Amino acid sequence: MKVNLSSLDTCESSFTPLVVLELAQDVKEETKEWLKNRIVSKKEDGGAQLLFRPLLNKYEKETLENQNLYLVGASKITLLLGAEAIGLVKECNDNTMRAFTYGMRHNFKDFDDDNNDFLTMAECQFIIKHELENLRAREEKMIPGYPQAKLYPGKSLLRRLLTSGIVIQVFPLHDNEALKKLEDSWYTRFSLKYQPLDRIRGYFGETIALYFGFLEYFTVALIPMAVIGLPYYLFVWEDYDKYVIFASFNLIWSTVILEVWKRGCASMTYRWGTLVMKRQFEEPRPGFHGVLGINPVTGREEPLYPSYKRQLRIYLVSLPFVCLCLYFSLYVMMIYFDMEAWALSLHESSGSEWTSILLYVPSIIYAIVIEIMNRLYRYAAEFLTSWENHRLESAYQNHLILKVLVSLATLLITSQILNQIMESLLPYWLQKKHHVQVKRKVQALKADIDATLYEQVVLEKEMGTYLGTFDDYLELFLQFGYVSLFSCVYPLAAAFAVLNNFTEVNSDALKMCRVLKRPFSEPSANIGVWQLAFETMSVISVVTNCALIGMSPQVNALFPESKLDLILIVVAVEHALLALKFILAFAIPDKPRHIQMKLARLEFESLEALKRQPSENIIEEKAPFTKEAKRENQMKLMAQNLKEDSREGNKEEEA
């Protein structure tokens, strides 16, 4: 039986606030009333059927600063039906992972009608975000009170409100009690132990938990490279065999760690339910626009946009722009090399003290120019990716990552140290000062308000916004590039990366818990296109290491007469190593055996359910039993079976 949300009573006088919505100070009353009605209206009327109230009532607004802050929540039934709508996967009583359905809710582990902990707070906030983002215009031509904010059927209302400056921000609230428990088990006490990934996932969601899991795994995987690289750096060997051995180990290491990560990632995401979560039928992202129509797969009403138009935008505009930027960055690099050669020749000719200082000027100028270029290119890449009009958020992120990977930052170790200071320590210090000011202001108030909630909302709205895991993964990608490409000529690269990552875990944890707003949870089954980026880099590293070995003086001395033989041998070795790499990748399964069996079992049960469905429909059409009739028929069958059993027992006694 399909449950209709509008037929259920979802009105609650007081509710637990989960999400905060901040409006601009000069928003008109008719706009506020219209927005409130769209949020609380029933689904069939185009609303989200959520709970909505201002943070302050009329008296409190006169006493305090007039804050246009509103709290959003949802009833238990709304959240459960929302979990079914987004395809949330939970653990059943038989220890299998299945998509949650409201009608079969009692078959899921830890579910109880009186228990409100079945869904985590992060899942509840994700459901509310999903409902808000899917508020779309119907007959409205504009936002009431703002004629310049045009609307058309299918346009995301939240997107238009944000771009028009009517809504300043929407963010989920922290759970201070749960956050304190997470901090105590995560980073407040320095100890060499694994991170509480399940708790991180329960609080921040799968995407952020996967990042911290990959950061931890990658740091541990770097330790063998660091241990082997240290004696290579300390002891000067004249034999070139050490380079060959180190490069060969580098090849095996870069392949094995990526394949093993895929297996560990599959185990984690199966336990979390996202590995079997059907994401191909997810709702369109808020920025997606098109003509309102019916999705031929899902049958739902949503914006439709021809894929050929998107492909034309990608190949005729975005791709040429990326190639042009790549050419420009290479041109700037050549200018840097010319400046460095000029400074070196000037220093060799004069040898004065000021020319020795001049040697560092090209590097400083190049670093500043690269930083400016990266920021401008990042802005252009985000604009182009949004203009391409991708339907799904995952597709948008993948195309953005592929664009930005073409322009990588330099100065790895220096930039990492500066990033940790600028991203975590400095904002945390400023946040502590702001916290003290807000606390004094709240304590001085005479108004009868929920001071704790008011203080929390005002504090969190001033925090920085977490922009996603892109920059975090990019930093790890740069580390992997340095280690896999150049570790045979600079073996200490892995050791520096390990030292950086030990502090990176704590600084990132501090940033997530105390510096930035709580981000919305986002289901993920893996690290996405970053897996492909790391694997591509490992293939490039084979070519690079073979070329570095081939250019070494020791190897060149073996072929004094013919360089062609050297080139052919290097190419042959490179092809052999690539073949070995692909054999290793093929030999190591992406998913552990027990996960493969569970997924196959789920697929088999789904097919069996589809086979049974037509016959059940035919039976119901021929004999439409009521519940009481079905129950009576079952009782008759049970009685008949008991009689037959007793007859067989009597026959056995007579025999």
Side-chain angles (χ1 to χ4, degrees), residues 2-25 27-61 66-86 102 116 119 121 123-146 149 151 153-162 164 166-173 283 286 300-302 450 453-454 457 461 520:
K2 186 172 178 64
V3 180
N4 187 4
L5 182 61
S6 61
S7 63
L8 302 171
D9 183 14
T10 59
C11 297
E12 296 184 7
S13 57
S14 62
F15 60 89
T16 302
L18 296 172
V19 174
V20 176
L21 190 147
E22 182 183 7
L23 302 181
Q25 291 294 336
V27 174
K28 299 175 182 178
E29 289 299 324
E30 60 174 317
T31 309
K32 294 180 183 178
E33 192 63 27
W34 169 79
L35 179 59
K36 175 187 174 183
N37 289 335
R38 289 302 303 266
I39 291 176
V40 302
S41 295
K42 295 180 179 180
K43 289 275 189 174
E44 60 264 27
D45 297 331
Q49 205 154 341
L50 299 174
L51 304 174
F52 184 81
R53 68 175 175 87
L55 174 64
L56 305 174
N57 59 37
K58 185 177 180 181
Y59 167 71
E60 293 166 351
K61 285 183 179 181
N66 185 14
Q67 302 283 356
N68 272 348
L69 296 168
Y70 294 84
L71 305 176
V72 185
S75 65
K76 182 178 179 180
I77 297 175
T78 303
L79 293 172
L80 291 176
L81 292 175
E84 178 180 349
I86 64 175
Y102 185 80
N116 293 323
L119 298 175
M121 189 174 180
E123 290 170 341
C124 295
Q125 290 168 335
F126 174 71
I127 292 169
I128 290 178
K129 171 177 175 279
H130 174 267
E131 297 294 342
L132 290 175
E133 287 181 345
N134 282 281
L135 279 174
R136 298 190 178 273
R138 289 193 165 186
E139 291 81 14
E140 303 100 328
K141 301 298 182 183
M142 64 177 186
I143 295 177
Y146 294 87
L151 293 175
K155 175 64 179 177
S156 171
L157 296 181
L158 184 61
R159 175 84 173 184
R160 176 60 72 207
L161 290 166
L162 287 168
S164 302
I166 300 170
V167 172
I168 303 299
Q169 59 180 335
V170 181
F171 62 92
L173 276 172
E283 297 287 342
R300 299 172 184 169
E301 190 179 50
E302 64 176 49
D450 186 352
L453 179 60
Y454 175 78
V457 173
K461 83 180 187 68
F520 280 104

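Not measured: the values here are computed from a predicted model. For reference, positions follow the sequence shown, starting with 1.
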Next item on the list: Give, for atom CG of Leu81 and atom CD1 of Ile86, the distance between the pair rounded to the nearest 0.5 Å.
Entry: 11.5 Å
Next item on the list: Mind listing the closest non-hydrogen atom pair of Val170 and Phe520 along with its distance?
Entry: O-CE1, 3.7 Å
Note to self: Any carboxylate oxygen within less than 4.0 angstrom of a Lys/Arg side-chain nitrogen, looking at Glu140 and Arg38?
What the structure shows: yes
Check: Is there a side chain to side chain contact (heavy atoms under 4.5 Å, CB included) between Leu135 and Leu158 once you walk through the steps?
Finding: CA-CA 7 Å; Leu135 279 174; Leu158 184 61; over 6 Å; no
Next item on the list: Evaluate the side chain to side chain contact (heavy atoms under 4.5 Å, CB included) criterion for residues Tyr70 and Leu35: first the C-alpha distance (whole Å), next the side-chain angles of each, then the deciding distance (0.1 Å), finally the verdict.
Entry: CA-CA 11 Å; Tyr70 294 84; Leu35 179 59; over 6 Å; no
Item checked: Closest contact, heavy atoms only, Val72 versus Phe52 -> CG2-CD1, 3.8 Å
Check: Roughly how far apart are Thr78 OG1 and Ile127 CD1, rounded to 0.5 Å?
Finding: 10.0 Å
Notebook entry, point to check: So how far is it from Ile143 CD1 to Lys28 NZ, rounded to the nearest 0.5 Å?
Noted result: 11.5 Å
Next item on the list: Grab the two heavy atoms, one from Arg138 and one from Asp45, that are nearest each other, plus how far apart they are.
Entry: NH1-C, 3.8 Å
Checklist line | Distance, nearest 0.5 Å, that separates CD1 of Ile128 from NE2 of His130 | finding: 12.5 Å
Margin query: When you compare the side chain of Leu157 with that of Leu151, does any pair of heavy atoms fall below 4.5 Å?
Written below: yes
Checklist line | Backbone of Tyr102 reached by a side-chain donor or acceptor of Glu84 within 3.5 Å | finding: yes
Next item on the list: Measure the spacing between CG of Leu71 and CG of Leu50 and express it to the nearest 0.5 Å.
Entry: 13.0 Å
Margin query: For the CG atom of Leu173 and the CE atom of Met121, what is their distance to the nearest 0.5 Å?
Written below: 6.0 Å
Note to self: Using side-chain heavy atoms (C-beta onward) and a distance below 4.5 Å, is Met142 in contact with Arg160?
What the structure shows: no
Check: Can you tell me if Ser156 uses its side chain to pair, donor with acceptor, with the backbone of Arg136 under 3.5 Å?
Finding: no
Next item on the list: Would you name the heavy atoms of Cys124 and Leu18 that are closest together and state the gap between them?
Entry: CB-CD1, 3.8 Å
Margin query: Run the side chain to side chain contact (heavy atoms under 4.5 Å, CB included) test against Asn116 and tell me which residues pass, sequence neighbours left out.
Written below: Lys76
Notebook entry, point to check: Looking at Lys36 and Glu29, does any basic side-chain N land under 4.0 Å from a carboxylate oxygen?
Noted result: no
Checklist line | Heavy-atom pair with the smallest gap, counting every atom of Val27 and Ile166 | finding: CG2-O, 3.6 Å
Notebook entry, point to check: What is the minimum heavy-atom distance between Leu119 and Ala83, and which atoms define it?
Noted result: CD2-CB, 4.2 Å
Margin query: Among residues at least two apart in sequence or on other chains, which ones pass ring-ring contact (aromatic ring centres under 6.0 Å, His included) with Tyr146?
Written below: none
Check: With sequence neighbours excluded, what pairs up with Gln169 under the side chain to side chain contact (heavy atoms under 4.5 Å, CB included) test?
Finding: Glu22, Phe171, Lys461, Lys517
